[in-house]
Number of protein chains: 2
Amino acid sequence: MEGKKVTLRDLALKAGLSVNTISRALKDKEDIALSTRKTIKDLAKEMGYVGNALAGSLRSGLTKTIAVIVSDVANPHFGIMVKDIEKSARKHNYTIFVINTEDEHEMEERAIYTAIGKNVDGIIICPSQRSAETIRILKKNGVPFVLIGRRFEEEPDFDYVICDDEKGGYLATKHLLDNGHKRVLFLNGPDRISSARERLDGYRRAHREAGLPVSGELIIEVGASAGDTRQIVKGLIERKADFTGLFAFNDVIAWEAAYVLQKYGFRVPEDYAVVGFDNIQSRLFIPFQLSSVSNSKGKMSKRAVDIVLHKINHPDSRERFREVIDTTLILRESTK
Amino acid sequence: MEGKKVTLRDLALKAGLSVNTISRALKDKEDIALSTRKTIKDLAKEMGYVGNALAGSLRSGLTKTIAVIVSDVANPHFGIMVKDIEKSARKHNYTIFVINTEDEHEMEERAIYTAIGKNVDGIIICPSQRSAETIRILKKNGVPFVLIGRRFEEEPDFDYVICDDEKGGYLATKHLLDNGHKRVLFLNGPDRISSARERLDGYRRAHREAGLPVSGELIIEVGASAGDTRQIVKGLIERKADFTGLFAFNDVIAWEAAYVLQKYGFRVPEDYAVVGFDNIQSRLFIPFQLSSVSNSKGKMSKRAVDIVLHKINHPDSRERFREVIDTTLILRESTK
DNA sequence: TTGTAAGCGTTATCAC
DNA sequence: GTGATAACGCTTACAA
C-alpha cells in the first residue's frame, strides 16, 4: 500500500497504451474514445495517480504558484492578509509560498531569489526596505509582481495596492487632538517604509490644521519585533514623558503600549487615549476596545491577487496599477 | 533590462563552454578549474542568472519544499506556528507552501492533493477531520508527513507532535474549581478533533478529583469561525446560564467570550473568571491579562520540522515519533 | 482514435 | 578539467 509515486508511465504500462494517450485521456481531450477515457480515469483513481505538476510546469512554463513575501505572518495583520490572499489564489487554482523576511534586507533578497528560482508565476510582496533595489531584480527577471501595503515613490513603474496611510494618520491624530490631547505620542514604524512616512505626514497635517506644533520627541520609531515597544514605553513612563494621547503605527504596537500602561496602573482611556492602525478587531474579537484605523485588509488582499493574476495572464499589457484604498477611523472605548 | 530568464544554456553559449561545465562550476565542484569557476560565477552574476529549481527538482526528485496545512493562518495560534515553521525550514533551505483548510473536509483533501502534485518533499499538517482517511493518501503516496497539534488514536502509525491536551484541560479546570467556581463553562472545539476530546478528558478529570459533577449543559462546542462564539455567549448570558468560571478551547475563543461579557457590563475576573489555551500572550502583548494554558508553540513547530526533515532524509527509517509536549498553566489577572 | 518524437532546464554518468 | 549524453515526467506537434 505504501509506495512510490505513480507516474503516467506506470498507468501506460498497466493499460497497454502510450503515455501520451493516458495524459490526454486524463485531461478529457475530445480525440480520445470516451470508453478509453473512462477506463483510464478509473485506473488512475485505483492506482492513486496524483500527477507531477513539476514536470508539467517545466514544459508549460507555469507553476500555478504565487509567492507571498511579508515581514511576519505571526503579526495578525499579515496573518489575516495571507489568509485572504491564499483564499483568493486558491479560487484560481493557485498555491502560495509564504516567506517571512523579518524586515531584514538580506532575507528579503533571499526570499526573492528563492521565489524566482522556484519559478513562481507571480509575487505579492510587502517590501521592508527603503531601497527598491531588491525589487528591481523582479523586473529584471520578468516576474509579475505587485507591492502590497507599501510603495516606492521613486519607482512609479511598480504596481501597488496600499491603503490611504496619510489619511489614516491624519484621522487618528485629528481625533486625539480634537479630544483635547495636546501632546500626542506617535509610536511609528521604521522610517524606511513608505507607510510609516505617510502616516507621519498625516500626523503632521492634523497638527498643522489644529495650529499645534509637532514636537520631535513625541515621534518615536519602534522596531518591528515584539517586545521592543515595551521597553520604549516603560522608558517614557519612567521619565514621565509629557503626553496623553497615543497613536501607534499598528494595533500590535498599540496593544503592547496599552499593556505596559496597564502594568503601571494607568487606565485607558482615562489616563491615556490610544489609537491603533489595522483594525484587527474587525476579525479578532479582543476584549480590549481599541480605536483603530481600518484599512480593509480583505479588499487589499483581493486586489493584490487580481492584479498579479492579471499581469500573469496579460504579460504584454502596459496597464499600471496604483491603488490606494480608503481608510476610516473606527472609534472604540480606548479613546472615549 | 527587462527580460526572459537566463538559463545555463545562455551562460554556456556566452562562455563558450558546455552547459554541464557551467552547472558544475556554479556548484563549486572540485573538478572544475578554479579560474573557470570564478569566470563563470562572475558571468552568472552579470547576466542575472537565477537558476530553475524546477528542472533541478525534476531530475533530483527533491523540491526543497514543505507544505504546511492548517485550518486558518489568521488565527494567531497558527500564524505563530507557521512563522516558526517557516523559520526553521528556511534554515535548512526549505521553502513552505501554506494551505488553509478552514477546517473543511473537502479543502483538506484538496490541500493534500495539491501538495502531492507539487511534489513537496514533506508535509506538516494539523488535521481537522475525525477520519484519518485523507491522511492515508499521504502514506499511500509515500510522502513523509507529521501531524501537528492533533492525532488519530486509531492510527498509531502516524507520527505526531502534540501538546499535553489532557493535562492542559485538567490544569485549567482544576484552577477554576480550586478558586471556588463550582460551575465551569467549557467552550470547547469540535469533538471531531483529538485535542478537543483530550482537553475535555482533562476537564472531566478535574471535576472527578474535586468530587463535583460534570453537567452536560456546561460543555458547548463552538465553531472555528470567528463570530460564532459571540452568538453563543450572548445566548448564555441572556438566558442567565448558571456559571462563573469559563474555560475556552483556545485564546481566540476566550477573548471573544470575554469581549461579549464586557459588552454586557460584566467584569473579568470579578464576575467571571476566564482561562484560555495557547498562551498567545507570550508572543503578542494584548492589554487583557488572560490566564492561559501554554503549549510551547515554538517547540512544537521546531520538532515538527525536525521530524519531517528526518523522515525526508531517512526514508527507510522505521523510527516512530509520538511526541507530547508538556503544558503548563500561566496565571494572569483574568482569574485573579 | 492513438502513437512517436522532441523538448522544457537541470543533473548524473562516463568518456575524453 | 571539461564535454557529450541520457534522464527526470510531462506536454505539444505531428505522424500513423
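Just so it is clear: chains get the letters A, B, ... in the order the sequence lines come, proteins before strands, and each one is counted from 1. Every heavy atom of this structure was used, including side-chain atoms; hydrogens, water molecules and symmetry mates were not.
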(message) For a quick check, with a 4.0 angstrom heavy-atom cut-off, what is the B/S/- contact string for nucleotides 10-16 of chain D, read 5' to 3'?
(response) BBBB---
(message) Would you say that B:D157 contacts B:K139 through its side chain, given a criterion of any heavy-atom pair below 4.5 Å between the two side chains?
(response)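 In contact.
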(request) Side-chain contact test, heavy atoms from C-beta onward, threshold under 4.5 Å: evaluate it for A:L34 versus A:K38 and give yes or no. (result)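 They are not in side-chain contact.
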(request) Considering just the side-chain nitrogens and oxygens of A:T21, establish if one lies under 4.0 Å of OP1 or OP2 belonging to C:dT2. (result)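 Answer no for this pair, as no side-chain N or O of A:T21 is under 4.0 Å from OP1 or OP2.
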(request) For the pair B:T65 and A:K118, evaluate side chain to side chain donor-acceptor pair (under 3.5 Å) and give the outcome as yes or no after the intermediate values. (result) CA-CA 10 Å; B:T65 298; A:K118 299 244 179 196; 2.7 Å; yes
Whole-Å distance between [N] [atom2] and [X] [atom1]?
{"X": "A:I22", "N": "C:dT2", "atom1": "CD1", "atom2": "P", "answer": "10 Å"}
{"X": "B:L62", "N": "C:dT10", "atom1": "CG", "atom2": "P", "answer": "17 Å"}
{"X": "A:K118", "N": "C:dT10", "atom1": "NZ", "atom2": "P", "answer": "15 Å"}
{"X": "A:I116", "N": "C:dT10", "atom1": "CD1", "atom2": "C1'", "answer": "18 Å"}
{"X": "B:E30", "N": "D:dG1", "atom1": "CD", "atom2": "C1'", "answer": "12 Å"}
{"X": "A:L11", "N": "C:dG3", "atom1": "CG", "atom2": "P", "answer": "14 Å"}
{"X": "A:D28", "N": "C:dT2", "atom1": "CG", "atom2": "C1'", "answer": "16 Å"}

(message) Here's a test for you: under salt bridge (charged side-chain N to carboxylate O under 4.0 Å, His left out), which of B:K299, B:R303, B:K302 qualifies with B:E323?
(response)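 Among B:K299, B:R303, B:K302, the one that satisfies the salt bridge (charged side-chain N to carboxylate O under 4.0 Å, His left out) with B:E323 is B:R303.
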(request) Compute the centroid of each ring, for B:F158 and then for B:F145, and state whether the two points are separated by less than 6.0 Å. (result)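 When the ring centroids of B:F158 and B:F145 are compared, they turn out to be within the sub-6.0 Å range.
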(message) Heavy atoms only, 4.0 Å cut-off, all strands: where does A:L54 land among base, sugar-phosphate and nothing?
(response)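 Contact class for A:L54: none.
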(request) Please confirm whether the backbone N or O of A:R110 pairs with a side-chain atom of A:T114, one donor and one acceptor, at under 3.5 Å? (result)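 Confirmed, A:T114 side chain pairs with A:R110 backbone.
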(message) Whether the side chain of B:N141 engages the backbone of B:V143 through a donor-acceptor N/O pair (distance < 3.5 Å, no angle test) should be reported.
(response)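 Checked: no pair found.
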(message) Looking at A:D159 and A:K311, is any side-chain nitrogen of the basic one under 4.0 Å from a carboxylate oxygen of the acidic one?
(response)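 Yes, this pair counts.
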(request) With a 4.0 Å heavy-atom cut-off, tell me which residues in residues 32-40 of chain B come close to DNA chain D, sorted by residue number. (result)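 B:I32, B:A33, B:T36, in order of number.
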(message) side chain to side chain donor-acceptor pair (under 3.5 Å), that's the test. Do B:H314 and B:E319 meet it? Break it down for me.
(response) CA-CA 10 Å; B:H314 307 274; B:E319 209 173 334; over 6 Å; no
